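Following: one structure in structure tokens, then a few remarks.
Quick caveat, the model's predicted, so the values are computed rather than measured.
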Protein chains: 2
Amino acid sequence: MGGDHVKGRGGGADGTPESAEPSPNGRRPTMEDVAARVGVSRALVSVVFRGVPGASASTRERVLAAAAEIGYRPDLAARTLASSRSRVLGVMLTVHNTFHADLVEAMYAEAEQVGYDLVLSAHAPTRHSEKAVGALLGHRCDALVLLGPETSAGFLEELVERVPVVSVGRRFPGTRVDIVNTAEGRAVRLALDHLLGTGHRDIAHLDGGGGAGSVERRRAYRDRMRAAGLADHIRVLPGDHTEASGAEAAHRLLAEGRVPTALFASNDRSAIGFLDAITRAGVRVPQDISLIGYDDIPLAGLAHIQLTTVRQDSVGLAREAVRLAIERLDRPSLPPRSSVLEPELIVRGTTAAPRADVDD
Amino acid sequence: MGGDHVKGRGGGADGTPESAEPSPNGRRPTMEDVAARVGVSRALVSVVFRGVPGASASTRERVLAAAAEIGYRPDLAARTLASSRSRVLGVMLTVHNTFHADLVEAMYAEAEQVGYDLVLSAHAPTRHSEKAVGALLGHRCDALVLLGPETSAGFLEELVERVPVVSVGRRFPGTRVDIVNTAEGRAVRLALDHLLGTGHRDIAHLDGGGGAGSVERRRAYRDRMRAAGLADHIRVLPGDHTEASGAEAAHRLLAEGRVPTALFASNDRSAIGFLDAITRAGVRVPQDISLIGYDDIPLAGLAHIQLTTVRQDSVGLAREAVRLAIERLDRPSLPPRSSVLEPELIVRGTTAAPRADVDD
DNA sequence: GCGCTCCACTAGAGCGCGCTAGGGCGACAA
DNA sequence: TTGTCGCCCTAGCGCGCTCTAGTGGAGCGC
């Protein structure tokens, strides 16, 4: 295995070892090449590729044809350097989160429509948000979109002084960060009203810990239970937004022997972990216990899961995130805004009327 | 929708975007600014940030301190433009794949060690690989690492003429693409020998369809079964690398009434889908059927899943992918290489001796 | 004829950095 | 003193592009 590190400065012999093809690793074609081929100035080629007025239709066509022939594509680095805008949005996500995956997919489509590109940077256990954001900054993104950021408000406050920031799913009151999220209160009410409507009274909440939206969901759960006159049944089980915490909660409930008739989980991952563990223990869902999640991740709709859940509008969240970012670029002095999207209850197979042996 | 929260910035002044503060969205600091602050030339600051010899320790320290003060960080676009190398590796991944998430996390660490940065571009149902790769190219990545690419060999063949390409998990014989993968043959033998060793003979394979490595796994399954004199028991169930296909396979098996004593799945996702569906149908794992997966994704090790699986060394794959890419940059004329990593059998709770009522 | 506007196009100055050819200077030998 | 080596450091070009200012020519009204 390669043990040699040739650190030649300047690259040594520039001679392309291969043939003299249009672009054999040697040098990538530039605007100059296209211009020369068509017989116009470089500036005009630039005009064509930026899609601004200033070139006749026939010239435009010839330029594009020549570019295609030699395999030219604009160099983003040079474009970024020359213009004040890079037309790139930086997105920080948690790679292990499939809901983030949904958001990213939708954001690609949204960004493309307004002529923007996305650069992804991952937050992970071994890679702090600060580092992920740093990488994005280095790429000179015009704006950052942070998906469920777990950074401190202080860090964001500094960050937003350097670049527009949109946070998806987590609010940062008191900072200039723009916010996109789901109407958590209404979402929780949708979930609880569904359970209450089918006769449940003993409804517990599986908490989301430090996850995005957890605080709001917990509070809304408490509020709704109180409003329904069920303050005595309020029960928040510790957890976070992972499958493991759902499974743990299930085991804990079983060990305590105090299984509620319904559980409202702070997100789908923990709900699925709970579902799996409780099912294995012989507790039937929904006959013995109803379960409701949050997010509507792809897994939730699978035939064997059929999780009832509160759907977050990932496409809508993505659209708003991109929109807010672009608007902020155009008008930096705008006050911080927040865009709140409507949730939707997706009733599937994990909820039903409570078991008969319970009364209180 | 969306309420506006107007937050006056401390200090009374209404945040004028064009003020002359250290760095209020106006202009990001440059090397020039750092140089001026320290009282040295710009070139010397460059030396410090590139980490090359040529600056005294004390100067180095003062430069870094000044940079930190004014929040300077090198502009990747300018750096890329000026040098022939961008020191950026482009990674294409499937954003919904958690094994890819593991790989990406490990690659970040590897790349950082050799002074490289990663740019992620997602392949998704609505975003073809070609587009994802195009975006990477626009960012002028030095090399591309494609995770389980589902592109045509022809496309890759053209691509590799423009930029070094490393494929992880999928082989492209006959092209100049460098390959990193797990020794599929040995991996499959590990899995099957484990099952054979505990007495299983009726072992089916849940196929991976078009997924990375599927072809090799299917062939190795057939080979091993034949070698064990079990050609009559060879049974490949159609599927792909998703949970849904595993669940479907379970339902199909139950409907047919021909449940094998063991199933070797082409990846963990389909294994988990199968596990969930078959468990719900009342079939016990591992008492009634043993199950073994492939990859060892994070979910597999969770308390309530405990999936026996063949572990792919994600850290090793990541390391090799980065190494091959960098080596190729240093020596473009190297012949195509492939790096094959050893798999490891992880025995957890889904495998055991076959049920007693079966004999043949 | 003149002045004017409009359109297609060009010239050339940077954007922030990497990189090479040197300049300045202290140390040491002759 | 004069070299001469070595270390820190500086000057300045150019990467591929955007963008402002400007050029030339056709068309129009007077």
Q) Which angle, rounded to 10°, do you find between the first-five-pair axis and the last-five-pair axis of the helix from C/dG1-D/dC30 to C/dA30-D/dT1? A) 60°
**Q.** With B/Y108 via ring-ring contact (aromatic ring centres under 6.0 Å, His included) - residues at least two apart
**A.** none
Q | Set of residues satisfying side chain to side chain donor-acceptor pair (under 3.5 Å) with respect to A/H100, sequence neighbours excluded | A | none
Which protein N or O atoms sit under 3.5 Å from an N or O of nucleotides 23-27 of chain C?
none

Q. Under a 4.0 Å heavy-atom cut-off, which of residues 110-117 of chain B touch DNA chain C?
A. none
Q: Output every pair passing salt bridge (Lys or Arg N to Asp or Glu O under 4.0 Å) with a member in residues 34-45 of chain B, not counting sequence neighbours, ordered by first then second residue.
A: B/E32-B/R42, B/R37-B/E69
(Q) Show every salt bridge (Lys or Arg N to Asp or Glu O under 4.0 Å) that has at least one partner inside residues 76-89 of chain A, sequence neighbours left out. (A) A/R85-A/D330
Q) Of all residues at least two apart in sequence or in a different chain, which pass the side-chain contact (heavy atoms from CB on, under 4.5 Å) check with B/A55? A) B/L44, B/V47, B/V48, B/R60
(Q) Does anything in residues 118-131 of chain B form a salt bridge (Lys or Arg N to Asp or Glu O under 4.0 Å)? List the pairs, not counting sequence neighbours. (A) A/E112-B/K131
Q: Output every pair passing salt bridge (Lys or Arg N to Asp or Glu O under 4.0 Å) with a member in residues 133-153 of chain A, not counting sequence neighbours, ordered by first then second residue.
A: A/R140-B/D75
(Q) Under the rule for side chain to side chain donor-acceptor pair (under 3.5 Å), what residues qualify as partners of A/T59, not counting sequence neighbours? (A) A/S56
**Q.** Contact pattern, 5' to 3', of nucleotides 17-28 of chain D - B, S or - by protein heavy atom under 4.0 Å
**A.** BBB---------
